[in-house]
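Written below as structure tokens is the structure these notes are about.
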Amino acid sequence: MTEQQPWQWDEPTWRGHVGRVRAGRRLRPKSWPGGAQVAVTLSFDSDHETPALRDGETLPGKLAQGEYGARVGVPRILKLLERFNAPSSFFVPAVSALLHEGEVKSYVDAGHEVALHGWIHERNTQLPPEAERDLAFRAMETLENLAGTRPVGIRTPSWDFSPHTLEITRELGLKYDSSLMADDDCYEIVADGEPTGIVELPPEWIRDDLAYFTMDRFTSLRPYTPPRGVLTIWRDEFDAAYADGGIFQLTMHPHCIGHRSRIAVLTELLDHIASHQGVWFATHAQVVDHVLTEAEK
């Protein structure tokens, strides 16, 4: 039997696809801790060499670009976060954590959160469900051993969500996800119309450094937006979140934002943020804990 094309689907079919994983109740707190006006939650995906390894790229060139993130980017980032007293969230592929001994501990020791980001930055939507589950559980065990505490959140590699990702997330007992983009605020994920209890803290490509700075010499992919153009976008995003009393969430990568001209942009952004009264810097887990506490009142 020939597979139906989307334009041939009946209403229950397209409604079923849309309703499988959906945004539920908005978890917008009435206030932030200490009467803050905005929650600022910075995150760093410490991918390092794993995207190259995932794609079978084993030559020194690509791996060196990833190594820069661990060797240069991470120390610069940790120093900057300490300056602004900004606890942040580091989403770490397990292979990255194993390759760079002591890195995960350095995050924990500095008061930051360590969260799941796959095993080897795998493309989970291309995996059979048993493989996706096995890698997720192996990653959890690895990070728990290295961090000394069990992660409570996940960001899927490349923010991909397979038909099985949510089920695996629930089986892991995780509190939140940060891969879906249905709102500016946190919300509860709904599966086939049923609330799951899992909080989504939404990222967005607009607030991701790789969307602006990615380079591939074999294709036309180039960093067309100058760093200070990105600063303008991110500053506008923060200003709107501040005026709205909401969340400003940012996703960055040490091998990308860690370069000199780009860490300068992050520094200027944090200077701008810190010039405002009522800014609460928090990890993703701290934001999620707060919105859940407020929702229970």
Side-chain angles (χ1 to χ4, degrees), residues 36-52 61-92 96 100 103 106-107 109-114 117 155 159 178 203-217 221-243 247-284:
Q37 171 71 13
V38 67
V40 173
T41 183
L42 308 176
S43 63
F44 300 87
D45 294 358
S46 299
D47 298 340
H48 305 335
E49 297 94 340
T50 57
K62 284 265 189 170
L63 296 176
Q65 285 182 284
E67 187 180 11
Y68 183 94
R71 184 181 177 89
V72 181
V74 167
R76 281 182 177 159
I77 288 164
L78 290 177
K79 185 177 180 180
L80 184 63
L81 296 177
E82 182 181 14
R83 172 183 160 189
F84 285 93
N85 191 24
S88 302
S89 297
F90 286 82
F91 294 86
V92 188
S96 285
H100 300 284
E103 186 174 304
S106 74
Y107 299 150
D109 289 348
H112 303 299
E113 175 192 9
V114 174
H117 196 46
R155 174 172 293 151
W159 303 348
S178 185
E204 227 299 328
W205 292 114
I206 296 169
R207 302 186 307 275
D208 185 293
D209 57 355
L210 288 186
Y212 304 103
F213 297 137
T214 302
M215 160 76 183
D216 185 342
R217 67 192 180 98
L221 191 62
R222 295 290 185 274
Y224 294 110
T225 309
R228 277 182 172 64
V230 179
L231 172 61
T232 299
I233 295 169
W234 289 351
R235 188 173 55 216
D236 288 347
E237 284 280 323
F238 166 76
D239 288 347
Y242 187 85
I247 297 172
F248 175 69
Q249 185 276 345
L250 196 61
T251 301
M252 294 160 287
H253 300 74
H255 72 277
C256 182
I257 202 68
H259 286 274
R260 292 164 175 156
S261 61
R262 296 167 183 175
I263 202 76
V265 163
L266 180 57
T267 302
E268 286 191 35
L269 176 67
L270 292 177
D271 277 331
H272 175 72
I273 291 171
S275 71
H276 291 68
Q277 296 292 322
V279 173
W280 179 46
F281 285 104
T283 67
H284 282 40

Relative to each other, are the rings of H272 and H276 parallel, tilted or perpendicular (30° and 60° limits)?
perpendicular
Determine the interplanar angle of the H259 and Y68 rings, folded into 0 to 90°, and report it as parallel if under 30°, tilted if 30 to 60°, perpendicular if over 60°.
parallel
Nearest 0.5 Å please: distance from the CG atom of L250 over to the CG atom of L269.
6.5 Å
Evaluate side-chain contact (heavy atoms from CB on, under 4.5 Å) for R83 paired with T267, printing each intermediate quantity in order.
CA-CA 10 Å; R83 172 183 160 189; T267 302; 3.5 Å; yes
In terms of side-chain geometry, is the basic nitrogen of R155 or D45 positioned less than 4.0 Å from the acidic oxygen of its partner?
yes
Testing E103, E67, H255 for side chain to side chain donor-acceptor pair (under 3.5 Å) with H48, which one passes?
E103
I'd like to check the side chain to side chain donor-acceptor pair (under 3.5 Å) partners of H117; sequence neighbours left out, ordered by chain and number.
D47, H121
Distance check, rounded to the nearest 0.5 Å: M252 atom CE versus D209 atom CG?
7.0 Å
Can you tell me if S88 uses its side chain to pair, donor with acceptor, with the backbone of A86 under 3.5 Å?
yes
Applying side chain to side chain donor-acceptor pair (under 3.5 Å) to E49 and not counting sequence neighbours gives H100
Backbone N/O of S89 and side chain of Y107: donor-acceptor pair under 3.5 Å:
no
Would you confirm whether T283, through its side chain, and H112, through its main-chain N or O, come within 3.5 Å as a donor-acceptor pair?
no
Whether the side chain of S96 engages the backbone of V92 through a donor-acceptor N/O pair (distance < 3.5 Å, no angle test) should be reported.
no
Relative to the ring of F44, is the ring of F90 parallel (under 30°), tilted (30 to 60°) or perpendicular (over 60°)?
parallel
